[in-house]
Amino acid sequence: MENSLTKKEYSPEELLNDFLEIYGGEKDSVRIFASPARINIIGEHIDYNGGKVFPACINRYLYVAIRKRRDSKIFYKDVKFPLSFEFDINENFAYSKENDYANYLNGILTQLKEKGFVFDCGFEILMASNIPAGGGISSSSALECGFAFAVCETFGFDVSRTEIAKIGQMSEHRFMNTKCGIMDQFIIATGKKNFAEILDCATLEYEYVPLELGDCCFIVMNTNKVRKLSDSKYNERRAECEQGLKILQSAGIKINALCELSAEGWEKNKSLIKDEILQKRAEHCVFENQRVLKAAVALKNGDLKALGKLLNESHESLRSKYEVTGIELDTLAESAWKQDGCLGARMTGAGFGGCAIALVQKQKIDSFIENVQKDYTQKIGYSAGFFACGSGDGVHELPLISRR
């Protein structure tokens with residue numbers, strides 16, 4: 001199986017050349033935008049439960065090349081996929097399974113139209129991504145936010161970065177029928193290089209925290225098991241949390257979301273939820289939210305050992321309380337935990353496949369990858385993908401490439 005994380009990256013320069021080869025014209029008329037992947041350092045499955053999360057953009061990008069047309073046609077192409085699509089900007093777009101990735105783009109256009117933005121012409125798109133699809137580091141949100149930002153900038157729409165995130169989320173809800181939280185879109189739209197972001201998903205208040213890891217870095221570990229959010233048990237978990245919240249509210253607990261409960265408040269009231277499964281789901285939310293607060297303090301204090309311990313606790317809760325890991329992610333985490341130089345590891349993203357992250361001393365990266373790969377291949381039967389990541393910027397234009 002091809003290693004989807006360590007194969008050669010596709011460059012923006014290649015994208016510009018391919019765009020001109022496909023569509024013709026001059027390079028000065030093309031604009032290129034970059035949209036990052038993200039890792040969530042900690043705070044999983046609580047963005048839709050009113051919790052705080054702690055994501056950061058990483059230096060893996062999806063690139064969008066765009067140019068206005070003189071007619072009303074829209075063309076979507078991707079350099080790595082054979083499917084291409086043609087639409088008209090005046091269409092009333094509807095979800096269709098046959099439209100594959102175009103559904104994400106049409107969903108964004110639908111949201112923009114509903115907000116009253118008017119397109120005076122069509123456009124042509126060529127995309128290339130160095131983010132593994134379905135890998136748990138938010139390839140779909142990078143696509144949504146990168147496309148939304150590119151379209152808004154190209155057509156001069158006055159849309160804030162926070163609104164870009166909201167448009168991406170609403171497209172998922174209304175067009176893709178996936179009731180995702182706001183975290184992925186928000187960090188991709190607002191992130192800054194060398195910073196993580198504490199985001200309160202209930203209020204959308206956020207704080208930048210310097211991402212200073214010293215002699216350590218995060219390694220992303222891809223199970224190479226493709227997982228689509230809409231195909232997973234994501235919506236089921238969300239419904240379970242809503243059911244648990246409703247039980248507490250019906251008993252007179254005055255909260256609007258599970259993560260409003262403190263650890264003490266949970267211990268006092270958890271017996272109100274009689275169903276063992278619902279109780280486990282709610283308990284994960286409460287304590288995962290507390291781990292986010294502790295992780296932010298640890299990072300501010302430069303206590304990477306404490307941060308690593310919290311990563312391990314998060315994975316264990318996601319395995320035993322929320323039950324969204326699976327053999328692939330558990331194998332990566334368990335192997336990582338026993339490696340010299342690893343401070344902590346956990347799954348990241350929705351789970352059911354996708355990726356895990358590990359906080360590893362830089363001098364141990366090679367031996368870490370070699371050993372975890374050996375364990376994973378022996379147990380799972382095929383290889384995982386690995387890369388050591390740096391931080392990255394949120395969605396942005398690449399002016400030097402598109403103007404030179």
Side-chain angles (χ1 to χ4, degrees), residues 1-9 37-42 44-45 55-56 58-60 80 129-140 213 216-229 231-234 304-305 307-390:
M1 176 176 290
E2 183 177 31
N3 187 332
S4 63
L5 291 183
T6 55
K7 63 185 179 182
K8 177 182 178 296
E9 290 195 27
R38 67 97 185 97
I39 58 170
N40 187 25
I41 297 172
I42 200 164
E44 217 65 73
H45 280 282
I58 63 173
N59 56 348
R60 281 274 171 143
K80 295 185 179 181
S129 180
N130 293 317
I131 305 171
I137 53 176
S138 209
S139 58
S140 61
L213 300 179
C216 294
C217 70
F218 282 111
I219 293 181
V220 176
M221 307 180 287
N222 188 2
T223 63
N224 277 330
K225 176 184 178 182
V226 175
R227 183 264 324 145
K228 292 184 178 179
L229 209 57
D231 293 341
S232 72
K233 294 185 178 180
Y234 181 96
L304 299 185
K305 185 176 180 180
L307 178 61
K309 183 173 182 293
L310 291 164
L311 299 183
N312 296 345
E313 292 174 2
S314 175
H315 186 90
E316 184 54 47
S317 180
L318 288 159
R319 172 165 58 182
S320 63
K321 301 293 184 182
Y322 220 70
E323 299 179 281
V324 292
T325 57
I327 187 173
E328 295 87 1
L329 287 167
D330 288 339
T331 299
L332 287 175
E334 290 166 6
S335 178
W337 292 340
K338 67 183 184 181
Q339 302 306 321
D340 185 28
C342 178
L343 280 67
R346 72 176 197 89
M347 61 153 276
T348 187
F352 311 106
C355 287
I357 58 171
L359 184 60
V360 178
Q361 294 173 348
K362 293 177 181 177
Q363 64 192 42
K364 301 291 186 178
I365 289 175
D366 290 343
S367 61
F368 174 89
I369 292 175
E370 180 181 354
N371 293 336
V372 176
Q373 181 73 279
K374 181 179 179 181
D375 288 347
Y376 186 83
T377 304
Q378 185 175 22
K379 188 167 186 177
I380 304 302
Y382 54 83
S383 63
F386 299 83
F387 76 91
C389 65

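Both backbone and side-chain heavy atoms feed into the values below; hydrogens, waters and symmetry mates do not.
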query = Between Glu313 and Lys309, does at least one N-O distance fall below 4.0 Å, as a salt bridge requires?
reply = yes
inquiry  = Going by ring-ring contact (aromatic ring centres under 6.0 Å, His included), name the pairs with one or both residues in residues 359-379, residues two or more places apart or in two chains.
reply    = none
message = Given His315, which partner from the list Thr348, Asp330, Thr325 fulfils the side chain to side chain donor-acceptor pair (under 3.5 Å) test?
response = Asp330
request  = Please confirm whether the backbone N or O of Ser383 pairs with a side-chain atom of Asn224, one donor and one acceptor, at under 3.5 Å?
outcome  = yes
Close side-chain approach of Phe386 and Ile365, heavy atoms under 4.5 Å = no
ask   = Looking only at heavy atoms, which two atoms of Leu329 and Cys355 are closest? And how far apart?
value = CD2-O, 3.4 Å
Partner set under ring-ring contact (aromatic ring centres under 6.0 Å, His included) for Tyr322, not counting sequence neighbours = His45, His284
request  = Rounded to the nearest 0.5 Å, what's the gap from CG on Asn371 to SG on Cys342? Could you check?
outcome  = 11.5 Å
key: Rounded distance (nearest 0.5 Å) linking atom CE of Met221 with atom CD1 of Ile369   = 10.0 Å
task = With sequence neighbours left out, write down each residue that passes side-chain contact (heavy atoms from CB on, under 4.5 Å) with Ser320, or none if nothing qualifies.
result = Glu316
message = List the residues meeting salt bridge (charged side-chain N to carboxylate O under 4.0 Å, His left out) with Asp340, not counting sequence neighbours, and say none if there are none.
response = Lys364
Side chains of Phe387 and Ile58 in contact at under 4.5 Å (non-hydrogen atoms) = yes
request  = Going by the side chain to side chain contact (heavy atoms under 4.5 Å, CB included) test, name the single residue among Val360, Leu311, Leu304 that passes it with Leu343.
outcome  = Leu304
ask   = How long is the span from the CD1 atom in Ile327 to the NZ atom in Lys379, to the nearest 0.5 Å?
value = 5.0 Å
request  = Can you run down the salt bridge (Lys or Arg N to Asp or Glu O under 4.0 Å) pairs that involve residues 346-358, sequence neighbours left out, and say none if there aren't any?
outcome  = Glu44-Arg346
task = Working to the nearest 0.5 Å, report the span between SG of Cys389 and CZ of Arg38.
result = 11.5 Å
query = Any sub-3.5 Å donor-acceptor pair from Ser335's side-chain atoms to Thr331's backbone N or O?
reply = no
request  = For the residue pair Tyr382 and Lys225, establish whether any side-chain heavy-atom pair is separated by less than 4.5 Å.
outcome  = yes
key: By salt bridge (charged side-chain N to carboxylate O under 4.0 Å, His left out) - contacts of Glu334 (at least two apart)   = Arg319
Asn130 (side chain) donor-acceptor with Glu9 (main chain) under 3.5 angstrom = no
